K.L.:
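Got a structure for you, written out below as structure tokens; questions coming shortly.
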2 protein chains.
Amino acid sequence: MSNDKVDLKMSQCEEVDHASVESCSTHSCSIVEPGSNLAIEKQLCFSLYSTANAIVRAYRPMLKALDLTYPQYLVMIVLWSNNGINIKDLGQILHLDSGTLTPLLKRLESKHVLTRQRGENDERVREIFLTEQGINLKNQAETVPEKMLCKAKLPLEELLELKKGCDRLFENLIAE
Amino acid sequence: MSNDKVDLKMSQCEEVDHASVESCSTHSCSIVEPGSNLAIEKQLCFSLYSTANAIVRAYRPMLKALDLTYPQYLVMIVLWSNNGINIKDLGQILHLDSGTLTPLLKRLESKHVLTRQRGENDERVREIFLTEQGINLKNQAETVPEKMLCKAKLPLEELLELKKGCDRLFENLIAE
DNA sequence: CACAATTAAATTGTGTGCAATTTAATTTGA
DNA sequence: TCAAATTAAATTGCACACAATTTAATTGTG
């Protein structure tokens, strides 16, 4: 069903192997020149990008019941274990910056699931606290991971491998 | 460096195994209750989401030289092999809808790399054609995949496995 | 102590993604 | 044939991501 060739070519950033590429597309009308590195079906990055979008779409109906978006759900997950965390630490855990988090947290505040308080000692810091409502939301959220596993329809072993691969790639990409 | 447990729990959408979860966080202050499915470090979906964001960030400096964003680059890749494709087919290949593509294509048109023409037979259809400039951009783009592989710093074999896993997950998630 | 450097958030601006709706053209079927 | 159904894009509205800049508070240093 899917092709197996990646994005790019042999490692080492120099040697490029222009043989050994082939096989034909899953998709409609593509007539890809054999050997091209610019074939969309070959690109790991595209697969990963599309799958991430598909994940967010898959979560949407489940999270709608909690009135949360996927990034909001991620923030809530962190808060359920780290109530009172500040924006910098939250951003380090979620790999998001204040430009993303500040408005997102304001939206969650307007939904009354959290409050954004100034740090006692340091006025620059924002500490994020769950409200009673925010704490209670965890009960409804508990069922979400199982439902998601169900949608994934893959053995746990395979999902674990996939996660490992993503984590390894992530670490390499952010190691400036 | 990274934990290995997923998001959710044993398959079949019913049986939930509440033992067998453990190990402690990579990150700062998290005190995760053992057994919780809502631990961020355990979630495949979060890894995939973060990695997709990291990929887009990694492409940015390379694509800046071409004056393209990552989604724009994807559109160009499809066009280099499918000049004259319409928006519907383009959307099927890239898994994006007209709400995303229409404004994106307008931006690319304003950069003079493509034109958006009405279909001859069917006035509803938009056919997208590369300009001379858009065709020529391919030369500069050819080096991008190799550079990206370089940033990934993983053996090709592992990247291929990762792609396979993403493709399998993707197919399952979109199978309504 | 003063003031430059640093730090934490917030702000600004651009470009996605996508649900939902609308517009306009084409096709279907009574 | 001609109105209803379908289809392809476009539009609208909202919520991210994130680079770049700004604001305000704190820290470090002479």
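Within every chain, numbering begins at 1; the chains are lettered A, B, ... in the order of the sequence lines, protein sequences first and strands thereafter. Being a predicted model, the structure only gives us computed values, none of them experimental. Worth knowing before you read on, the calculation uses all heavy atoms, side chains too, and leaves out hydrogens, waters and symmetry mates.
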K.L.:
Between A:Q133 and A:K111, do the side chains contain an N or O donor and an N or O acceptor separated by less than 3.5 Å?
P.N.:
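Result is no, nothing qualifies.
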K.L.:
Assign each of A:D122 and A:G99 to its nearest nucleotide of DNA chain D by heavy atoms, then name whichever residue's nucleotide is nearer the 5' end.
P.N.:
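Final value for this comparison: A:G99.
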K.L.:
B:L96 has a side chain; which of D:dC16, C:dA10, C:dG17 sits nearest to it?
P.N.:
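Nearest to the side chain of B:L96 among the choices is C:dG17.
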K.L.:
Could you tell me the separation between the CD atom of B:Q117 and the P atom of D:dA10, rounded to a whole number of Å?
P.N.:
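That distance rounds to 13 Å.
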K.L.:
Main chain of B:L101, side chain of B:S98: is a donor-acceptor contact present, judged purely on distance under 3.5 Å?
P.N.:
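No, the answer is negative, given that no donor and acceptor are paired below the 3.5 Å cut-off.
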K.L.:
Do A:V75 and A:L94 have side chains that get closer than 4.5 Å, going by heavy atoms?
P.N.:
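They are in contact (side-chain heavy atoms under 4.5 Å apart), so the answer is yes.
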K.L.:
Could you walk me through whether B:E127 and B:R118 pass the salt bridge (charged side-chain N to carboxylate O under 4.0 Å, His left out) check?
P.N.:
CA-CA 6 Å; B:E127 294 171 347; B:R118 288 291 179 192; over 6 Å; no
K.L.:
Counting only Watson-Crick or G-U wobble pairs whose two distances fall under 3.5 Å, which nucleotide matches D:dG30?
P.N.:
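C:dC1 is the nucleotide pairing with D:dG30.
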K.L.:
What is the nucleic acid contact for A:T69, judged by heavy atoms within less than 4.0 Å: base, sugar-phosphate only, or nothing?
P.N.:
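Here A:T69 touches the backbone only, sparing every base.
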K.L.:
Starting at atom CD of A:E127, determine the distance to atom P of D:dA25, rounded to an integer number of angstrom.
P.N.:
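So the two atoms are 16 Å apart, to the nearest Å.
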K.L.:
To the side chain of B:Q72, which of C:dG15, C:dA9, D:dA15 is closest?
P.N.:
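Closest nucleotide among those given: C:dG15.
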K.L.:
Report the nucleotide, chosen from D:dA8, C:dA20, C:dG17, that has the shortest atom-to-atom distance to any side-chain atom of A:K64.
P.N.:
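That would be C:dA20.
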K.L.:
Using the closest heavy atom to pick a nucleotide of DNA chain C for each, name whichever of A:R118 or A:N53 lands nearer the 5' end.
P.N.:
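First, find each residue's nearest nucleotide; the 5'-ward one identifies A:R118.
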K.L.:
Hey, are B:K163 and A:Q43 close enough side-chain-wise for a donor-acceptor pair under 3.5 Å?
P.N.:
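No pair is found: no donor N or O on one side chain lies under 3.5 Å from an acceptor on the other.
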K.L.:
Counting distance alone, no hydrogens or angles: does the base of C:dA10 have a donor or acceptor under 3.5 Å from a partner atom on the side chain of A:S98?
P.N.:
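Such a pair is found, so the answer is yes.
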K.L.:
Answer with base, sugar-phosphate or nothing: what part of the nucleic acid does B:L104 contact at a heavy-atom distance below 4.0 Å?
P.N.:
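Sugar-phosphate, no base atom in range.
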K.L.:
Would you kindly give the CD1-to-C1' distance between A:I85 and C:dA8, to the nearest whole Å?
P.N.:
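Going from CD1 in A:I85 over to C1' in C:dA8 covers 14 Å.
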K.L.:
Between C:dA19, D:dA15, D:dA10, which one does the side chain of A:R57 approach most closely?
P.N.:
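Given the options C:dA19, D:dA15, D:dA10, the side chain of A:R57 is closest to C:dA19.
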K.L.:
Compare the minimum distances between each of D:dT7, C:dT6, D:dC18 and the side chain of A:R124, then state the nucleotide with the smallest one.
P.N.:
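That would be C:dT6.
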K.L.:
Among the nucleotides D:dA10, C:dG17, C:dT11, which one has an atom lying closest to any side-chain atom of B:T102?
P.N.:
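Nearest to the side-chain atoms of B:T102, counting from C-beta on, is D:dA10.
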K.L.:
Rounded to the Å, how far apart are B:R60 CZ and D:dA19 P?
P.N.:
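Distance check: B:R60 CZ to D:dA19 P gives 5 Å.
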